[in-house]
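Ligands are counted one by one from 1 in listed order, and the atoms in each one are counted from 1 as well. Heads up: numbering here begins at 1 and tracks the sequence.
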Amino acid sequence: MANQLLKGKKGIIFGALDDQSIAWAVAEKCVEEGAQITLTNAPVALRFGQINELAEKLNAKVIPADATSMDDLSNLIDESMEVLGGKIDFILHSIGMSLNVRKKKDYTNLNYDWHHKTLDISAISFHRIMQLAYEKDAMNEWGSILALTYIASQRIFPDYSEMAEAKSLLESYARSFGYHFAKKNHVRVNTISQSPTLTTAGKGVAGFQDFYDYADKMSPLGNASGQECADYCIAMFSDLTRMVTMQNLYHDGGFSNMGMEPAVLGK
Ligand code: NAI
């Protein structure tokens, strides 16, 4: 149910590929809550995904940007401010891609060119976006910047491979840039660590369904859905969470604090 929590706010949403994407649900809820947004994704995703459908439904402009290109990102921020008519209040980074996982290279035998690319797309892009927004003074006072992450950044999940390092780096950027943005103009920066979710990126991880079922049993509240993640993002973009910054926030039904769950052993 909409409460106009984001009334009058302007935002940029990265990463809506299809209606399973977490960013898709976030975009829908942002507009329901009264925000105006622009949508962005890599040019290739615009050709193969369904983002234009979403844009039409939400009356939002799509601005293509490869998250590893400073030129694309710079243009995205300028054009978003133009279309939305002012500075930005919130940004969602919902981007992940592992070349080594995709090309089935084991963690113990990484291709380093691909590894660099993985880190660039999945983590350094977050710094690029924030650096540009900082330099351009594009964020409004008390704005909110979020990225989505996974607990494999902090604990071992062998099949998550090099994405574990990408997520560790992503979370570190939220802490470090969070400091500088807070000092500059009270902008907060956080990561949300989400349960396994059945999306294109999620299903790219080997044995995803087993992994999903395991987490669902292990979490006392069960896995958090993409829709529930979107609700949490709305709360973090709203003025109700203005003093939360530089945090990695678990949105996982309790999974991260579990030691042992008898149901996992079939008891
Ligand atoms: P998704 O596959 O729908 O979204 C990933 C997005 O990254 C896609 O829209 C894709 O086009 C975009 N992307 C890839 N390369 C790009 C580039 N060079 N430039 C710009 N965009 C690019 O999957 P999902 O699950 O919605 O992923 C969103 C975020 O949530 C990711 O950061 C993912 O790691 C994170 N996450 C996902 C979980 C899951 O189980 N699905 C669990 C925890 C976190």
- [ ] Under the salt bridge (charged side-chain N to carboxylate O under 4.0 Å, His left out) rule, collect the residues that match up with Glu79, sequence neighbours excluded.
- [x] Lys61
Task: Cation-aromatic face contact Lys184/Tyr134, 6.0 Å, 45 degrees - done: yes
Open item on the list: So if I only count non-hydrogen atoms and take anything under 4.0 Å from ligand 1, which residues does that give, chain by chain?
Closed with: Gly15, Leu17, Ser21, Ile22, Asn41, Ala42, Ala45, Ala65, Asp66, Ala67, Ser94, Ile95, Gly96, Ile121, Leu148, Thr149, Tyr150, Lys167, Gln194, Ser195, Pro196, Thr197, Thr199, Thr200, Ala201, Gly202, Phe208
TODO: Verify whether one side chain among Glu228 and Ser225 offers a donor that lies under 3.5 Å from an acceptor in the other.
DONE: yes
- [ ] Please work out whether the ring planes of Phe157 and Phe211 are parallel, tilted or perpendicular, with thresholds of 30° and 60°.
- [x] perpendicular
Can you give the donor-acceptor pairs under 3.5 Å from side chains of residues 254-267 to other protein atoms, not counting sequence neighbours?
{"from": "Ser256", "atom 1": "OG", "to": "Asp252", "atom 2": "OD2", "distance (Å)": "2.8"}
{"from": "Glu261", "atom 1": "OE2", "to": "Ala263", "atom 2": "N", "distance (Å)": "2.8"}

Pairs of donor and acceptor atoms involving the side chains of residues 13-29, under 3.5 Å and at least two apart or interchain, shall be tabulated with distances.
{"from": "Asp18", "atom 1": "OD1", "to": "Gln20", "atom 2": "N", "distance (Å)": "3.0"}
{"from": "Asp18", "atom 1": "OD1", "to": "Ser21", "atom 2": "N", "distance (Å)": "3.3"}
{"from": "Asp18", "atom 1": "OD2", "to": "Thr200", "atom 2": "OG1", "distance (Å)": "3.2"}
{"from": "Ser21", "atom 1": "OG", "to": "Leu17", "atom 2": "N", "distance (Å)": "2.9"}
{"from": "Ser21", "atom 1": "OG", "to": "Asp18", "atom 2": "N", "distance (Å)": "3.1"}
{"from": "Ser21", "atom 1": "OG", "to": "Asp18", "atom 2": "O", "distance (Å)": "3.1"}
{"from": "Trp24", "atom 1": "NE1", "to": "Glu28", "atom 2": "OE2", "distance (Å)": "3.4"}
{"from": "Glu28", "atom 1": "OE2", "to": "Lys57", "atom 2": "NZ", "distance (Å)": "2.5"}
{"from": "Lys29", "atom 1": "NZ", "to": "Gln227", "atom 2": "OE1", "distance (Å)": "3.4"}
{"from": "Lys29", "atom 1": "NZ", "to": "Asp231", "atom 2": "OD1", "distance (Å)": "3.0"}

